[in-house]
Amino acid sequence: MTDTEVRIVPVDEAPWADVERVFGTRGDPSTCWCQFFKLTNEEFKTATRDVCRDALRDQVATLDPPPGVVAYRGDEAVGWCAVEPRVNYPRVLTSRVIDGSEEPLSDAGVWAITCFVVRVGHRRQGIGGNLLAGAVDQARRHGARVIEGYPVDTAGEKSPSADLYHGTLTQFLRAGFELVATPSPHRAVVRLVA
């Protein structure tokens with residue numbers, strides 16, 4: 001597959017049915033709908049699949065810019081990447097995942113890439129890299145000063161696929177991000193000046 005076979009669009013330009021297809025009906029994406037970093041621990045513990053889905057649908061309809069991008073291969077929706085100003089992710093701001101970030105917590109010019117979803121049958125084919133490039137492009141178009149990611153470092157051991165929704169360190173480094181910190185042995189903070 002070449003990069004030209006995948007197209008990335010802002011989520012508000014994708015039909016909602018395509019977003020639902022990407023998140024699916026099984027597994028973590030179908031229950032979280034990229035709300036984990038937006039809700040408090042207590043809110044997330046009690047949030048149902050429907051509550052999370054409806055929250056994302058409302059965010060897509062009301063947020064400017066929209067909260068992510070969707071990948072298409074041909075006419076088929078195959079992936080998602082969440083990207084927004086970091087201030088929109090309260091759980092990120094209070095999490096150890098950003099330990100070592102040099103950016104002020106209240107700076108709306110700092111954007112965060114928090115989540116990747118690639119549908120089964122389309123994984124390990126470069127979709128994640130395309131999504132990352134599209135997320136960076138969206139952040140830049142909407143005035144990001146800095147873009148951060150909090151990927152998993154898979155060097156040395158195999159990480160469970162459930163942990164890879166953050167993206168991988170090598171994926172971000174290939175895209176030009178620099179390593180800023182390692183808040184834990186298998187997690188990193190990466191940064192790209194927009």
Side-chain angles (χ1 to χ4, degrees), residues 1 5-61 63 66-84 88-92 95-97 112-135 138 149-155 157-172 175 184 186-188 190:
M1 180 186 76
E5 294 173 340
V6 175
R7 126 184 104 86
I8 307 296
V9 301
V11 65
D12 63 339
E13 294 178 16
W16 181 250
D18 287 352
V19 177
E20 289 180 312
R21 183 173 175 124
V22 169
F23 280 87
T25 58
R26 296 181 305 150
D28 291 337
S30 73
T31 58
C32 179
W33 290 85
C34 277
Q35 298 308 298
F36 180 78
F37 292 113
K38 292 187 167 223
L39 301 174
T40 67
N41 285 337
E42 281 307 309
E43 289 170 334
F44 191 75
K45 284 179 189 174
T46 61
T48 65
R49 170 188 321 247
D50 291 343
V51 165
C52 290
R53 182 198 62 229
D54 292 349
L56 180 61
R57 186 173 46 220
D58 289 346
Q59 291 156 12
V60 169
L63 291 179
V69 295
V70 176
Y72 284 87
R73 178 183 280 154
D75 292 331
E76 186 176 7
V78 296
W80 153 268
C81 182
V83 57
E84 290 186 72
N88 291 357
Y89 295 115
R91 191 180 288 207
V92 168
S95 171
R96 288 197 56 224
V97 74
I113 296 171
T114 59
C115 181
F116 292 84
V117 176
V118 177
R119 288 182 39 220
V120 172
H122 300 279
R123 296 177 183 162
R124 298 191 174 277
Q125 298 175 33
I127 302 291
N130 287 286
L131 283 163
L132 180 56
Q138 177 157 307
Y150 317 102
V152 176
D153 185 356
T154 58
E157 67 180 61
K158 186 171 172 73
S159 297
S161 61
D163 291 345
L164 299 180
Y165 74 93
H166 302 286
T168 65
L169 178 58
T170 55
Q171 174 186 38
F172 278 87
S184 68
H186 300 289
R187 292 299 297 276
V190 294

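Values below: all heavy atoms of this structure, side chains included; hydrogens, waters and symmetry mates excluded.
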Go through the steps for V152 and R187 under the test side-chain contact (heavy atoms from CB on, under 4.5 Å), then give the verdict. CA-CA 5 Å; V152 176; R187 292 299 297 276; 4.0 Å; yes

Would D18 and V22 count as a side-chain contact (heavy atoms from CB on, under 4.5 Å) if you check the C-alpha gap in whole Å, the side-chain angles of each, and the deciding distance to 0.1 Å? CA-CA 6 Å; D18 287 352; V22 169; 5.8 Å; no

Criterion side-chain contact (heavy atoms from CB on, under 4.5 Å) on I8 and L131, from CA distance to verdict: CA-CA 7 Å; I8 307 296; L131 283 163; 4.1 Å; yes

Starting from the C-alpha separation in whole Å, work towards a yes-or-no answer on side-chain contact (heavy atoms from CB on, under 4.5 Å) for L132 and F116. CA-CA 9 Å; L132 180 56; F116 292 84; 4.1 Å; yes

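Under the 3.5 Å distance criterion, the side-chain polar atoms of E76 are left unmatched by any main-chain donor or acceptor of R73. For R91 (side chain) and F36 (main-chain N/O), a donor-acceptor pair under 3.5 Å exists by modelled atom type. Side-chain atoms of Q171 come within 3.5 Å of backbone atoms of G128 as a donor-acceptor pair (strictly under, hydrogens ignored).
To the nearest 0.5 Å, atoms OG1 (T114) and OH (Y150) are separated by 8.5 Å. Atom OG in S95 sits 6.5 Å away from atom CZ in F37 (nearest 0.5 Å). Within the model, atoms CD of Q59 and CG of L56 stand 5.5 Å from one another, a figure rounded to the nearest 0.5 Å. F44 CZ to T46 OG1: the interatomic distance, rounded to the nearest 0.5 Å, is 10.0 Å. Here E43 contributes atom CD and Q35 contributes atom CD; the two are 10.0 Å apart, rounded to the nearest 0.5 Å. A distance of 7.0 Å separates SG in C34 from OH in Y89, rounded to the nearest 0.5 Å.
The pair D50-R53 meets the salt-bridge criterion, since a charged nitrogen lies less than 4.0 angstrom from a carboxylate oxygen.
The side-chain contact (heavy atoms from CB on, under 4.5 Å) test with Q138 singles out one residue from P67, C81, P10, and that residue is P10.
Annotation: side chain of P151 is in contact with side chain of V190 (closest heavy-atom distance under 4.5 Å). Residues W33 and E20 form a side-chain contact, since some pair of their non-hydrogen atoms from C-beta on lies under 4.5 Å apart.
Nearest heavy atom pair, residue A14 against residue Y72, reads CB-OH, 3.3 Å. Of all heavy-atom pairs spanning A71 and V6, the tightest one is CB-CG1, 4.2 Å.
Counting non-hydrogen atoms of other residues, nucleotides and ligands closer than 6.0 Å to CG of D75 gives a total of 12 or fewer.
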